[in-house]
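Presented below is the structure to which this report refers.
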There are 2 protein chains.
Amino acid sequence: MVKSWANLGVDLHVEPTGTGVRRGLTDALRDAVRTGRLAPGTRLPSSRTLAADLGIARNTVADAYADLVAEGWLTARQGSGTRVAERAVVPPADTTPPRRLHGRPTYDLVPGTPDLAAFPRTEWLKAARRAFTAAPYQALGYGDPRGRVELRTALAAYLSRVRGVRADPEHILISAGISSGLRLIGAVLRARGAQDIAVESYGLTAHWQILDEAGLRTRPLPFDELGTEPGRLTDESAVLLTPAHQFPMGLPLRHERRAAVVDWARRTGGLVLEDDYDGEFRYDRQPIGALQGLDPDQVVYLGTASKSLAPGLRLAWMVLPPSLVEEVAKAKGGIDTCGVLDQLTLAEFITSGAYDRHVRSARLRYRRRRDTLVDALAQHAPDVHVTGIAAGFHAVLSLPPGTEHSVVQAAAWQGLALHTLSFYRHEHALADPLDALVVGYGTPPDHAWTGAVEALCRVLP
Amino acid sequence: MVKSWANLGVDLHVEPTGTGVRRGLTDALRDAVRTGRLAPGTRLPSSRTLAADLGIARNTVADAYADLVAEGWLTARQGSGTRVAERAVVPPADTTPPRRLHGRPTYDLVPGTPDLAAFPRTEWLKAARRAFTAAPYQALGYGDPRGRVELRTALAAYLSRVRGVRADPEHILISAGISSGLRLIGAVLRARGAQDIAVESYGLTAHWQILDEAGLRTRPLPFDELGTEPGRLTDESAVLLTPAHQFPMGLPLRHERRAAVVDWARRTGGLVLEDDYDGEFRYDRQPIGALQGLDPDQVVYLGTASKSLAPGLRLAWMVLPPSLVEEVAKAKGGIDTCGVLDQLTLAEFITSGAYDRHVRSARLRYRRRRDTLVDALAQHAPDVHVTGIAAGFHAVLSLPPGTEHSVVQAAAWQGLALHTLSFYRHEHALADPLDALVVGYGTPPDHAWTGAVEALCRVLP
C-alpha cells in the first residue's frame, strides 16, 4: 500500500491541477479513481496515515476524503474505512485511450526550458520573410542530410566566434534536437562495434536512455567536489560530457580534466561527445570555450536552439570529426529531416545579428532572475545552499539531509513543479547522494517570477 | 573495364552538368579525374569503343578527349592511347572529404518532387504570421510526440472530407516525411516480433531499405496487368501498399483487391500501411477514397505535404489504429521532433482554405502538363505507350524492348534526368520485366516545361 501511495505522490507532483493543498489532493485522488489507477473497492489509507506519509495536516486529508465522498467517488462506512466507490464512473465506450491530462502547475520550475514568452516573434517572422524571399525554389526540395548549407555556414561562423569551435560547414549536421543527434551518434558507434559509453554521474535520463536504446551500456564517471572526474576512462568507445556547464550540477569541467579527456581520446581513439546545451549563458566570468577547439578530430560538438530560442524549433547542430560525417548522414537516412523554412530563418536570424541581440537580452533577464533567487533564498531559507549559478538558467539547492521528500510534496501542494537532484542521478552514479532540488528559472514568464520565488521560499525548510 | 565505364555512365546520368553531349561528357570525365574515380595513368577506352558503349557519335568522344588533353587532364600518345595524366591535380591537403557535386541537369524529370517554383510563398508567410501570433507561448516548448494538436485537428477534418479517412486527432501522429513514419512503424513491428512485411513489386527502394534496416524482410506481392495482387498474403506482419495510385505504375488497387487486403488484415491481425502520397491529384474521375476508411483498426494511413506543397517542409502524418498510438509515440522518443512553427502554419493554411486553393491550382497545372506530354508523345514517339496518367504527376512510358539503356544514355547527354522503371523494381519482384521510363512532370518550373517535353521526345525511339 505504501508503494502505491508513493506512486500517487509522484503523479501529483508531476500534474498538480490546483493551488491549495486540499484542492490538489482532491483533484489528484479524483483523477486516480476516474482513470482507474485506483480500482473500485480499493481501501484507502486512514487520513492519519496518508497525512503522515505526505507530510500534510490530517484535517486536510479528511476534508479531501469528505469532498470525494460527497461527489460519489469514494464511500465511507464505519468499520470498513474509506474505499473507492463500486459504481466507479465507466470510461467512455469508444476505443479512445484515456487522454493524458496536461494540468499545468501554477509555477513551473522544472529546468530545461527557456522563457518562451520572451521568444522574439516579431524578429523571427521578419527573418522568415527575408530568408524565404531570398531562397531559390530548389531549397524546398529533398535536401542534403546535413541540413541547409545557409544554416551550416552561419553556424560555423557563429560557433567559431562565440564558442571557439573549429567548424567547417561541411562537417556540421543539423538535427531535431540534441537528443536526435545523440541517437544518430549512438547508432554509428554501435554499428562500429562499440558496447560501452562513459557518461557523467549526473545528467539527463533521456540521453542515457537514447544511448541504451542504441545498444550502448552507459558507465558513469566519478563525480567529486570538483565535478566529473575523467581519470578512470579506459576502453569506452566514447564519453558524453557537459564540459562548459555540468548538467545539472553547474560546475565547468576543470582545466586539467579537460586536458585529460582529450588525452584519453587521442590515446585510445575514443570519441568525446560535448553537450554544450547552454554555452551562451554565462554570468560571472568569461565564457568557457568549447572543448572541441582542443581536438576537432576527436570531439563531437553538440549545440541547440532549444535553450537559446525555443525547443519547439527542433533545431540543433553537431560539429563532427570529418571522418564521421558520412556515417552520421547515412544514419539520418540520407535525407534532411528538419524543416527547410526554419533552417533558412535561423540562418538569417544569426547572420543578421538578431540572434546575438536575443542572447544578450535573455542573458540579462536570466541573470536578474538568478540574483532575485539567490537574494530571496539568503533571506528566507538560510539553511539552503545554492550552487551552480555562474551560468545557464537553473540552480542546485542543497537541502538539510532528510528534508527532500517533504519539500517536494509541499511544492506539489503549492502548485510548484520542480525536480529533485535524484531525478538526474545515474542509477550507477559514483557520487555521494545529496538532498537537493534542481530549480530552473527560465520557464516562468517575467510577470510570474516573483510569485514563483515566493512560493519556492514557502516550501523550503 | 566495361564495368567501370558503366559506372561512369551512371554517374553521368545522375549528375550531368552541361547541356550538349560533348560538354556533358567532357565535364563528367574531368570530374572523374579530379575526384580520383579515374586514377592517374588509367588507360581510357578508344573513342570508338566508348562511343559505341554510350550510343553517341565517335567524333563527340574524340572531341571531348581532345578538350581534356588540352586542359592537361588527359595525355594522348601514339601507341599508348589516351590516359589520365600522371600529374593529376592533387586534392587540397586538408581533411575535407571531396565535396559532392550537385550539378543540376537542364531538365529534371525524376518523379517525386512537385513544382517547387509554384510553392505559395506569400500565402504561406501570411498563414505563418497569423498562426504564430495566435499561438500561446507554451506551444514553443517541448511538445506532444504526436505533434501539435492544432495540426492534428485540422488534418482530421481535412482527411475525412477529402480522402474519406476516419480520423480522430488523438490518433494522428506527425512525422518528418512518410519515410520517418515508416521508420517508426518498422521499429514498432519489429519490437512486436515481426519478421516479414509484404510490399509491392514496384515501389520506392528507400522505403524497402527503411523496413530492412528496422529488421523486417520485404516480400513482394505479384503484380499483373490489373496491378498488385494481394491474394498471396499469408502470415506477414503487415503490407505496404499505394492503393489510390500505385507508385510508380499508376494504377489504383481494384475494388475486390482492396476488400481482399482488408479481409486478410482482419483475419490475421496484420497491419495495412497505406501510402497515400499524392491522393489529392486525380484527373479523370472521382478521387479514390482511402482504404483506411474500410477499417481504421487495421490500417495505418500515411499522407504527406511533400507532394501537395514541398518536401522541404518535412511534414507528413499517420492516422494510426488506436492500439498503436502509444507505441509509435514511444518509438519517436516521447517528444515531438518536427518544428512547431511549420506545424502551426500548416494547420492555419488548411483551416483557412489556402491548402484547398493551392491543391486545386496545382491539380490544374499538372493536368495541363500531362495533356501536353501525352499529345507530344502521340505525335513524336508513337512507339511509346503511356500509362498511369489518371492521377499524380508522373507517367510510365513503355519503350520498345531493348531500347531502355540507349534512351537513358541519350537522355543524360541531353541534360535530361530521368529514371527507368527498373529503378523502382524490387529485387525479388513478381512481375515481368518491362523496358520503361518513369517520367515525373512536377519538377520543371512552368517556363521550362515545353523545353523538357521537346528534349524528352528527342531521346525517345
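Residue numbers start from 1 in every chain, and the chains themselves are labelled A, B, ... in the order their sequence lines are given, proteins ahead of strands. Quick caveat: nothing in here was measured; it's all calculated off a predicted structure.
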Please determine, among A:Thr122, A:Asp336, A:Ile210, the option with the most heavy-atom pairs under 4.5 Å with chain B. A:Asp336

Counting heavy-atom pairs under 4.5 Å with chain A, the top scorer among B:Ser323, B:Ala135, B:Pro114 is B:Ala135

Rounded to the nearest 0.5 Å, how far does OG1 of A:Thr133 lie from CG of B:Leu125? 6.0 Å

Using a cut-off of under 4.5 Å for heavy-atom pairs, which of A:Thr443, A:Asp342, A:Leu140, A:Val340 has the most such pairs with chain B? A:Leu140

Out of curiosity, A:Glu213 CD to B:Lys330 NZ, how far, rounded to the nearest 0.5 Å? 6.5 Å

Per-residue contact mode, A:Phe119 against chain B (heavy atom under 4.5 angstrom): side chain

Segment of A:Arg183 engaging chain B (4.5 angstrom heavy-atom cut-off): side chain

Which of A:Gln343, A:Gln209, A:Arg121 touches chain B most, by non-hydrogen pairs under 4.5 Å: A:Arg121

When the 4.5 angstrom heavy-atom criterion is applied to A:Ile335 and chain B, the contacting part is side chain

Of all of A:Gly141, A:Ala310, A:Gly143, A:Ser306, which one pairs up most often with chain B through heavy atoms under 4.5 Å apart? A:Gly141

Among A:Ser180, A:Ala117, A:Gly112, A:Gly177, the residue with the most heavy-atom pairs under 4.5 Å to chain B is A:Ala117

When rounded to the nearest 0.5 Å, the distance separating CG of A:Leu313 from SG of B:Cys338 is 13.0 Å

Distance (rounded to the nearest 0.5 Å) between A:Leu341 CG and B:Thr345 OG1: 8.5 Å

Largest heavy-atom contact set with chain B, pairs under 4.5 Å, which of A:Ser175, A:Gly334, A:Ala176, A:Gly339: A:Gly339

Rounded to the nearest 0.5 Å, what's the gap from OG1 on A:Thr337 to CZ on B:Arg314? Could you check? 8.0 Å

